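Inspection log for the structure reproduced underneath, given as structure tokens.
Model, not experiment: these values are computed from the prediction. The basis for the numbers below is simple: all heavy atoms, side chains too, and nothing from hydrogens, waters or symmetry mates.
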Amino acid sequence: MDPDWKRRDPNMKFMDALFHAIDGNFTQNQKEKKTDEDDFPLSLGAAYFANEIDVAKYIQGLGPLKHETSTCHKFGAMGYSGHWGSVSGTLGLSCARHMFVLPGGGVDLQKGERFANVDFAMLSGLRLWAALDMHVSAYDINCQYRINFAEPCRYKYSLHYLPGVGMTDGEAPERIWASLNALALRTREMSSGHRHDVINDFHTDMNIRRTHDMSHFLKRKNVEAEAMHSRAATTLEKLEEEICAGVIGQGKLAEWKQEESVWVGKVVNMEEHKNLKNPYEPRQQKALTQKQLLANMSAKASQSAGFSLGLVGVIEEGIDLQDVKAEILQELAAGANSDVPASTLIDIRKAFTKRVDAWRTRAGTYLSPLVDEAAEALDDKAKQVAAEALERDTETGQVDEEVEGWVAPEEDVIEVPAKPEDSTTVDRTTRSLPKRKGKRAVNLVGTTSTPTVLSKFTVAHPPTVPPTVPSTALKRKRPPEDVGRPATSGKRSEAWQEVNAVLIELPSSHHPTVRDRPAMRGAVMVETELRKNQAQKYLDDLRTHLITSYGLTAKKKEVSGQRRTTRAFGAIRRKWKSVQNSAAAYRRTRIALLALGMPHDDPVYRPLNKEDVKAFTVFTADQRLGDSKTRTSWIWEDLSFINAQGDDAVKEYFEDAVRVHWFRTSALKQRWYEQTLLLSEEMKRTARFFKYYENHWMAAAERSDCAGRAGYARK
């Protein structure tokens, strides 16, 4: 240890703490069989088990084995019915930082993890470190055990939020047991003394190997900690900038920092635990009711309506029609699983067809002349390429089969009884409407589109292409994120194919040879600006749906009964569908922006992959091992979506979610910072350790009169 460790600042005492963890292993049992009553281990009280004679006397004084109650409904080791044999398992005490097995901290279990056995293991194993100012204890039922064990167990809740623990996960015993479990097949057949000697021998081997590897282990951990602390600090800085710039404001952030300071000061004092509120969980009263959620969604939908004129109006309405088309295609693809009744879907398709016809009339006035002017300058071969590319690849990404394949997280799946067959159900996938083509587009094959100078160069009227032109010249490259994703599936219904054949040509739909002409410059600029605004809206919608979906999923866990469970599942499924719709819409919009000239590495409108479509963790129960090393999705770097919420209760709900996100992000950054400090001290301590033993053995060599012993000491 640092020679001046006793004079260390009180806030830095964790640098010299012993991090230890204890846990039971019920694989390391022993069969009930006749053995020598006088048998004892040769390592009696001198290795990793507590003195066996002392343990036996202690157990005899406890009296009959009684069931110990627990307030934790998830803890099963205290239920004794599943254990067998004279020894049901083993308790082990280990270093929580480096997985060393600590001497004197092992105790056999009779039936289950009795607290009395844990008491003896802790007191026996920690005697060597009793003089330290601080102990950090990890035990999977510390919430129960600490009630009657006052001093060493001082911390509350998760190691993620406790000051001074760094990135210690407390799972060291589990890793030790994993490497030792294969040995149990032999040791359960042995006598008690032989069994302990063999286990001690294996523990010794583990500790020696870890000692030899310590320098490599710490270096690897330090490189990781430096990188992760830098990443966490950057994430927190961006988050705080967004909070200060948005509706939440700097004042609220200052309140959160004060609340965090109070938590840090009180959580290490067990006397303060009773009334200590956990800032890392949502506040109960902030939950958003379904009525508020529906009202908020309805308000946002009504605000999107509007009347548009001129070129801007044509492009704006064309974008909206593409979205309507995508929604219809999704419902048709869902078939019987669609939430929209078949009759309603037919009405929606009729209205869509009428809107498209009316839009084409206006597009023929404002947009088509620009396309004609741009295309007139091309020769016939280039017009052929542009026309076929338009017909084949128009609205690239309109049908996002990848997003269609995304399913809600596995934990959200609930068994729901199948609906009874209804003979009156209409098959939405087979009923189709007559195709509605434009008046001048009667010769188009397979598609309906707005007539332009390119119309005569479609598949129905191909010009003669010289044999020297390679077939690849007729293909337009797909954006990188679209490569490998199939185009429209050939297994779709007739109705789906019919809707998909309706083309809504915007500047982004055209081949670069047309789109890059001077005549199209204004239209491209208009669509680019509209698309950027649209992309931001879809990201805001995605964030909103993810947070509310997370809340519905959490609420589902509190529901019981088949009817209420089925209703909860339906709400979650509908919300996940909204998540998919927003994700697919953003991806479509980004593909259009790429076609319009946006660079692929644009820092604002980034690629959206499945792993990006997730809410930040709000409830501690939802945390998973490894979350501390996982980057928060880039979509949460912008919190302006909160400003768009109309209802005060809705704003409070989202603000509380952001509050929890900030607290967790701040804690993560602090834990990684502590990890860098701990590792720095551990590396220094390791260097002192090896230097100390170098001097110890060299002194032994110099004192020895035996050349053999001196040689061994030098080695």
Side-chain angles (χ1 to χ4, degrees), residues 20-68 77-95 99-129 139 172-211:
H20 53 81
I22 190 167
D23 197 17
N25 180 358
F26 296 100
T27 303
Q28 295 293 333
N29 47 36
Q30 184 187 28
K31 287 185 176 179
E32 189 85 54
K33 58 196 305 184
K34 277 191 175 183
T35 59
D36 183 357
E37 294 181 0
D38 297 324
D39 177 60
F40 65 90
L42 300 177
S43 56
L44 179 67
Y48 302 101
F49 281 93
N51 187 291
E52 287 82 354
I53 296 175
D54 293 343
V55 173
K57 291 180 180 178
Y58 173 73
I59 295 297
Q60 287 177 356
L62 293 177
L65 182 68
K66 295 181 180 179
H67 182 78
E68 293 176 316
M78 292 169 66
Y80 308 135
S81 58
H83 306 297
W84 55 271
S86 59
V87 173
S88 63
T90 301
L91 273 172
L93 187 67
S94 59
C95 168
M99 284 177 59
F100 284 108
V101 183
L102 298 184
V107 173
D108 282 335
L109 297 168
Q110 288 69 50
K111 275 198 174 182
E113 237 168 280
R114 194 156 52 155
F115 286 149
N117 297 66
V118 181
D119 291 344
F120 199 97
M122 294 275 279
L123 293 171
S124 172
L126 297 177
R127 286 179 301 172
L128 293 172
W129 294 277
Y139 184 23
E174 300 293 346
R175 300 184 183 100
I176 293 171
W177 300 143
S179 61
L180 195 70
N181 280 343
L183 184 66
L185 296 174
R186 285 184 282 165
T187 56
R188 67 176 50 146
E189 304 287 349
M190 298 176 182
S191 65
S192 297
H194 187 200
R195 172 174 169 269
H196 277 200
D197 285 337
V198 170
I199 294 175
N200 280 332
D201 193 35
F202 271 73
H203 283 332
T204 297
D205 182 66
M206 289 180 185
N207 281 3
I208 289 174
R209 290 172 183 268
R210 292 195 177 94
T211 302

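The distance from the CZ atom of F120 to the CG atom of D108 is 12.0 Å, given to the nearest 0.5 Å. The CG atom of D201 sits 10.5 Å away from atom NE2 of H203, with the distance rounded to the nearest 0.5 Å. A distance of 8.0 Å separates CG in D54 from OG in S124, rounded to the nearest 0.5 Å. Here the OG1 atom belonging to T27 is positioned 4.0 Å from the CG atom belonging to N181, to the nearest 0.5 angstrom. Expressed to the nearest 0.5 Å, how far NE2 of H20 lies from CG of L102 amounts to 8.5 Å. Residue N25 holds its CG atom at 9.0 Å from CD1 of I199, rounded to the nearest 0.5 Å.
No more than 12 heavy atoms of other residues, nucleotides or ligands lie within 6.0 Å of CD1 in I53, so this atom counts as exposed by the packing criterion. Annotation for F100: atom CZ counts as buried by contact number, over 12 foreign heavy atoms lying within 6.0 Å.
Scanning all heavy atoms of the two residues, the minimum distance from N29 to V87 falls at CB-O, 3.0 Å. In plain terms, the two heavy atoms of G24 and W177 that are nearest each other are O-NE1, 3.7 Å. Contact detail for D39 and G193: the closest heavy-atom pair is OD2-N, 2.6 Å. What you find for A121 and G105 is that their closest heavy atoms are CB-O, 3.5 Å. The shortest non-hydrogen separation linking Q28 to T187 is OE1-OG1, 3.6 Å. For the residue pair E52 and L44, the shortest heavy atom distance occurs at OE1-CD1, 3.2 Å.
Judged purely by distance below 3.5 Å, without hydrogens or angles, the side chains of D197 and S43 pair a donor atom with an acceptor atom.
With respect to R195, the side chain to side chain contact (heavy atoms under 4.5 Å, CB included) criterion is satisfied by exactly one of R186, E189, R188, M190: M190.
Looking at P41 and N200, their side chains never come closer than 4.5 Å, going by heavy atoms from C-beta outward.
F49 and H196 have parallel rings, their planes meeting at less than 30° on a 0 to 90° scale where 60° marks the start of perpendicular.
With hydrogens and angles disregarded, no donor-acceptor distance shorter than 3.5 Å links the side chain of R175 to the backbone of M99.
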